[in-house]
2 protein chains.
Amino acid sequence: MQKTFTIGDLARYAAVPVETIRYYEHERLLRKPARTHGNYRLYLEADRERLSFIRYCRSLAMTLDEIRQLLRLQDAPDDTCETVNVMLDAHIDQVAIRIGDLRRLKRQLQALRDRCGLARTAKNCGILSGLNAAATLPQPSANGGDRAASTAARSKAGKPRNLRWKSSPRQVRV
Amino acid sequence: MQKTFTIGDLARYAAVPVETIRYYEHERLLRKPARTHGNYRLYLEADRERLSFIRYCRSLAMTLDEIRQLLRLQDAPDDTCETVNVMLDAHIDQVAIRIGDLRRLKRQLQALRDRCGLARTAKNCGILSGLNAAATLPQPSANGGDRAASTAARSKAGKPRNLRWKSSPRQVRV
DNA sequence: TGCACACCCTGTAGTAACTTCAGGGTCAAG
DNA sequence: CTTGACCCTGAAGTTACTACAGGGTGTGCA
């Protein structure tokens, strides 16, 4: 007699809301489970393992698409695993780039922070005036749009780095 | 005679789509401008400056809420600027935390990558088996939910770090 | 004057990875 | 039977945009 789990069991096991599990089912990361007579989902050990896998990959900041690929490979053990290598390499590169972005950002923020000494009001605020000064430095021409040879400050003002991991394709990628 | 700008002028100046400008107006970061007879938006130099400010703050990965606060302060020059300090400090802390997260993540990914030597198929894939092994290590009890003294691996499997910057309040914050 | 093209408008919907809400059903214990 | 915990589906919201649909405006040229 195989052990079964309700969605609540699974959720507690993986420390996620039940909604997330339903979401993963909707997104086809998890299979549609059997149901009880009362229409409750009935999960097996394999489902539990699969959810753990997904959560761990999420903890590695992989997108659901990436995880889908990995799951597909797991379900096809005789396929080549070159895909995994390529994906992981790209992933590692992205993390490295992002680390660099954040370091530069931190330095910028710290420089800005250091401008605020004894000021008490907004009109004397070194940070606000610093933000204003930086915002006005890059005066691109009205016919802008060409990214060539832009200053770093202008580049930043015009293209905020997307700090959300693996943003949607519409978001600006660095 | 003051110089005026269309939305397209502003968009070119700030190197953003016109949609983003309309979005900022909708989000009350930019004021509703006057209109032409043909219902075109008519912007002034001050609007242009405000947009630059917003974009620069975005480049510093500030949320729109944070930027709203700063803009409110700018519009009230006699208010205290302590808010700015506090906000920037918190922001810097967040960036530092995120850098740490990403460095740990990179190490993890690299360790995982190093497992893949000569394997050619998914069933022999060091990475996949590594992911599986890690996913099954943290076996929390079915009555989980308590975060106390969790292992690092379990913590990661159960609470993926949100790598989106300043995620929505619903997303898990580290 | 008419046409073509670039630009403008509003409203709607989509993106990623969730999360919340509404409204209702099921299950088990007292 | 009641109560409370848990389950269900579908829809909508979060953040910061971005794209699309369908229509209007402005300008230059033939």
Side-chain angles (χ1 to χ4, degrees), chain A residues 4-12 14-30 32-43 54-55 57-59 61-68 142-143 145 158-173, chain B residues 4-12 14-30 32-43 54-55 57-68 142-143 145 159-173:
Chain A
T4 58
F5 307 92
T6 61
I7 193 169
D9 297 331
L10 237 61
R12 279 185 294 278
V16 295
V18 295
E19 289 90 0
T20 303
I21 298 176
R22 288 200 203 100
Y23 175 72
Y24 286 164
E25 180 187 316
H26 183 263
E27 293 292 318
R28 299 177 178 266
L29 291 164
L30 291 175
K32 286 181 187 299
R35 296 291 180 113
T36 64
H37 181 64
N39 203 31
Y40 281 26
R41 289 171 171 80
L42 214 48
Y43 291 102
I54 292 164
R55 294 310 294 177
C57 291
R58 282 296 301 132
S59 77
M62 292 183 188
T63 62
L64 298 191
D65 260 348
E66 281 167 338
I67 296 167
R68 260 190 220 98
N143 67 358
K159 297 284 183 187
R161 298 298 175 86
N162 176 22
L163 295 172
R164 176 178 157 201
W165 180 246
K166 291 283 172 85
S167 61
S168 76
R170 305 158 190 237
Q171 301 268 356
V172 176
R173 306 277 318 249
Chain B
T4 57
F5 306 92
T6 62
I7 193 169
D9 295 330
L10 237 62
R12 280 186 292 278
V16 294
V18 295
E19 288 90 0
T20 304
I21 298 175
R22 289 198 203 101
Y23 174 71
Y24 287 165
E25 180 186 319
H26 183 261
E27 294 294 317
R28 297 177 178 265
L29 291 164
L30 291 173
K32 287 184 185 300
R35 296 293 181 110
T36 64
H37 180 64
N39 203 29
Y40 281 24
R41 287 169 173 83
L42 215 47
Y43 292 103
I54 292 165
R55 295 309 294 177
C57 290
R58 282 296 300 131
S59 77
L60 299 178
M62 293 182 187
T63 62
L64 298 191
D65 260 348
E66 281 167 341
I67 296 165
R68 259 188 221 100
N143 67 358
K159 297 283 183 186
R161 298 297 174 84
N162 175 24
L163 295 172
R164 177 180 159 198
W165 180 245
K166 290 285 172 78
S167 62
S168 76
R170 305 160 193 233
Q171 301 268 358
V172 176
R173 304 278 318 247

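First the proteins, then the strands, lettered A, B, ... as listed; each starts at 1. Every heavy atom of this structure was used, including side-chain atoms; hydrogens, water molecules and symmetry mates were not.
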Could you walk me through whether B:Tyr24 and B:Arg55 satisfy the side chain to side chain donor-acceptor pair (under 3.5 Å) test, starting with their C-alpha distance in whole Å, then the side-chain angles of each, then the deciding distance to 0.1 Å, before giving a yes or no?
CA-CA 10 Å; B:Tyr24 287 165; B:Arg55 295 309 294 177; 2.4 Å; yes
Nearest atoms (heavy-atom pairs only) where [X] meets [Y]:
| X | Y | value |
| --- | --- | --- |
| A:Leu30 | A:Ile54 | CD2-CD1, 3.8 Å |
| B:Leu10 | B:Phe5 | CD1-CB, 3.9 Å |
| B:Thr63 | B:Glu66 | N-OE1, 2.8 Å |

Under 4.0 Å: is that the gap between some side-chain N or O of [X] and OP1 or OP2 of [N]?
| X | N | result |
| --- | --- | --- |
| A:Arg41 | D:dC7 | no |
| A:Tyr24 | C:dC18 | yes |
| A:Arg68 | C:dA16 | no |
| A:Thr20 | C:dT19 | yes |
| B:Arg58 | D:dC17 | yes |

Candidate pair A:Leu29 and A:Tyr23, rule side chain to side chain contact (heavy atoms under 4.5 Å, CB included), full reasoning
CA-CA 9 Å; A:Leu29 291 164; A:Tyr23 175 72; over 6 Å; no
Taking [atom1] from [X] and [atom2] from [N], how many angstroms apart are they, rounded to a whole number?
| X | N | atom1 | atom2 | answer |
| --- | --- | --- | --- | --- |
| A:Glu27 | C:dC18 | CD | P | 9 Å |
| A:Leu42 | D:dC6 | CG | C1' | 15 Å |
| B:Asp9 | D:dG26 | CG | P | 15 Å |
| A:Ile7 | C:dT19 | CD1 | P | 13 Å |
| A:Arg35 | C:dC27 | CZ | P | 13 Å |
| B:Tyr23 | C:dT10 | OH | C1' | 17 Å |
| B:His26 | D:dA19 | NE2 | P | 19 Å |
| B:His37 | D:dG24 | NE2 | P | 15 Å |

Can you work out whether B:Thr36 or B:Leu64 has the more 5'-proximal nearest nucleotide on DNA chain D?
B:Leu64
For A:Arg22, report the nucleic acid contact type (base, sugar-phosphate, nothing); a contact means any heavy atom under 4.0 Å.
base
Pick base, sugar-phosphate or nothing for A:Thr6, based on heavy-atom distances below 4.0 Å to the nucleic acid.
sugar-phosphate
No-H, no-angle donor-acceptor pair, A:Tyr40 side chain to D:dC8 base, under 3.5 Å:
no
A:Val18 side chain, from C-beta outward: closest of C:dC18, D:dC7, D:dC8
D:dC7
Looking at the side chain of B:Arg12, which of D:dA16, C:dC7, C:dC18 is the nearest nucleotide?
C:dC7
